Amino acid sequence: MKQLWQALMMVRRCDSGSFWRRLVYVALQSLLPLVNLYILKVLVDTVQAGVSGTASSAAFVPWLLCMCAVSLLNRVVSALNGVNNDVLSQRLVDYMSDMVQRQAAKVDLSAYDMPAYHDIFHRAQQESVSRPLQILNSFMALFGALISIVGVMTMLLSASWWVVPVMVAAVLPSFAVRLYKARSIYDFRRTNTQLYRRTAYYGSLLTSRQSAAEMRAFRLAPVFRRLFVEARYRLSSRLLAISRRLGALDVACAVVEIAAMFAIVWLLASEAFAGAITIGSFVMLFEAFRRGQGYLSSLVGAVASLYDNRLFVSNLFEFLNLKPTVLSPERPVPVPEVIECVEFRDITFRYPDMDRDVLEHYSLTARRGEICRIEGRNGYGKSTLVKLLLRLYDPQQGTVLVNGIDIRRFDLEQWRGCVAVLFQDFVRYACTAEENIGFGNRGKAVKRTPLTDFVDRLPHGAGTLLGRVFDGGSELSMGQWQRIALERALGSDAPVMILDEPMAWMDNATRRLFAEALDQASTGRIVIMINHQ
């Protein structure tokens, strides 16, 4: 129940006004049909009295006008509620997307190395937008159904006391089946998370730009289509087995509800035949019973939905409750204004769930004004140094020091702002060339070197959209993309710069330009450059 309440409060926080208006609209939509039901009784009785000559047609008109007014008001409230729901839904989508993105940006990079995290994130993504809104809808349906049921039961109790217990008992089997269905589907989804992720992975390989060339070159599309179809078949066949079992139970519940309807309608008809109730009362009570069954079904559905959503919303909170371990200290020390040296001292490090150390008792010192070159074969932990220096990970043993101060004593964001980096697997942003370069300058004026002189020859110069993801974009060669990424690092005024495989895509002419730019950029800085042996 706690998580249901937390999810409901999320909805309220995203748009408090729309939340409370929704509550008012639901209350009105629950009450107005009951008012019309009573007016219907009076209309029927008035018609009957007119036929028998005990009343005039003039008495009929005011009640008819009242029914029309109530019906119009109900339509107006329904329209207002629809607009309000659209506003609330859109704001909730933005609110929940922001929450998930913030959390994803906070978790440790080590989380991305563990399949369990990807399972948690996948489940959270599936539930983040829909579940809080569904919980609100279920609460509102429960609230509205309770109002309606109280009114309906008051009417039915005037006919016979046992009508209400029979009606309630008739929906209990359906209630049990819905709870069983919610649990079955939740267990199925949670157990098969990896299989759902596999289908998403195969689908992305078949449709993404990144893999499109190899899919065609190696004729892999039929292979991954087959894997996709097989995985989807396994999911659908298991789900269909659950669905058939639940369908049979639904039919049994329907038989019980129809039997209850037969008994109660027969009772009301018998009382009308005996003259115990008027025709208007019979119509009102019959309609009250019919609607009461619907309201009870809505109530059962709302409770079952809350149970279902409580199960699934736990996936969202499981993700939101993940706590990073790489954090700023409570009382950080300021980063030195002039950084003279960076030292890796006796570093031992292994990635999560690995059975060997990537670095073992590794030491290195880089000094200001020098280019510290690190060379080695693949898999020897060169790129890991970048991640340790940025505190994307913390070593299991040893320390990374700046001017003799452990970097774990610095504020995390302040320290990362002191490091300019070119990653080996740099990102190609589908943004303008100017933005791609400027991302490395943290809002300061963009500096340009001859490395990116080709940008001026693009269709719209520095304002050209890069990549072919969106309309009007211009694709670059990998060498040009790397030069853009290098400019992000070289153009920064960060006192520490680390370049991982900066010449992987360079021709000889570009290497000369890079050497000149590096000479200028390294003045007064610490530069660490990583290359293959």
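Note that the structure is predicted; figures quoted are calculated from it, not measured. Hydrogens, waters and symmetry mates are skipped; everything else that's a heavy atom, side chains included, is used.
- Figure legend: cation-pi geometry between Arg225 and Tyr202 absent, as NZ or CZ is not positioned both under 6.0 Å from the six-membered ring centre and within 45° of its axis.
- Using modelled atom types, no side-chain atom of Asn74 and backbone atom of Val70 make a donor-acceptor pair closer than 3.5 Å.
- Shortest non-hydrogen contact noted between Ser18 and Val87 is OG-CG1, 3.9 Å.
- Under the 4.5 Å side-chain criterion, counting only non-hydrogen atoms from C-beta, His118 is not in contact with Gln194.
- Of the possible donor and acceptor atoms, one in the side chain of Ser30 sits under 3.5 Å from a partner among the backbone N and O of Val26.
- Aromatic ring pairs are classed by plane angle as parallel below 30°, tilted from 30° to 60° and perpendicular above 60°; the pair Tyr117 and Tyr112 is tilted.
- A donor-acceptor pair under 3.5 Å is formed between the side chain of Thr193 and the backbone N or O of Arg189.
- Under the 4.5 Å side-chain criterion, counting only non-hydrogen atoms from C-beta, Phe228 is not in contact with Leu205.
- Judged purely by atom type and a 3.5 angstrom limit, Asp357 has no side-chain atom pairing as donor or acceptor with the backbone of Thr348.
- When the options Asn84, Asn85, Asp15, Asn81 are evaluated for a side chain to side chain donor-acceptor pair (under 3.5 Å) with Arg21, the one that passes is Asn84.
- At least one donor-acceptor pair closer than 3.5 Å links the side chain of Arg416 to the backbone N or O of Arg391.
- Counting heavy atoms from C-beta outward, Trp481 and Leu466 have side chains that approach closer than 4.5 Å.
- Within 6.0 Å of CZ in Arg408 there are more than 12 heavy atoms belonging to other residues, nucleotides or ligands.
- In this structure, Phe410 and Trp415 have tilted ring planes: the angle between them lies in the 30° to 60° band.
- By the 4.0 Å N-to-carboxylate-O rule, Glu230 lies too far from Arg198 to be salt-bridged with it.
- A donor-acceptor pair under 3.5 Å is absent between the side-chain atoms of Ser110 and the main chain of Pro352, judged by distance alone.
- Here the shortest heavy-atom pairing between Arg197 and Pro115 reads NH1-O, 3.6 Å.
- Heavy-atom minimum distance, Leu359 versus Leu388: CD1-CD1, 3.8 Å.
- Here the side chains of Tyr25 and Ser78 are not in contact, with every heavy-atom distance at 4.5 Å or above.
- Between the side chain of Glu435 and the backbone N or O of Thr432 there is at least one donor-acceptor pair closer than 3.5 Å.
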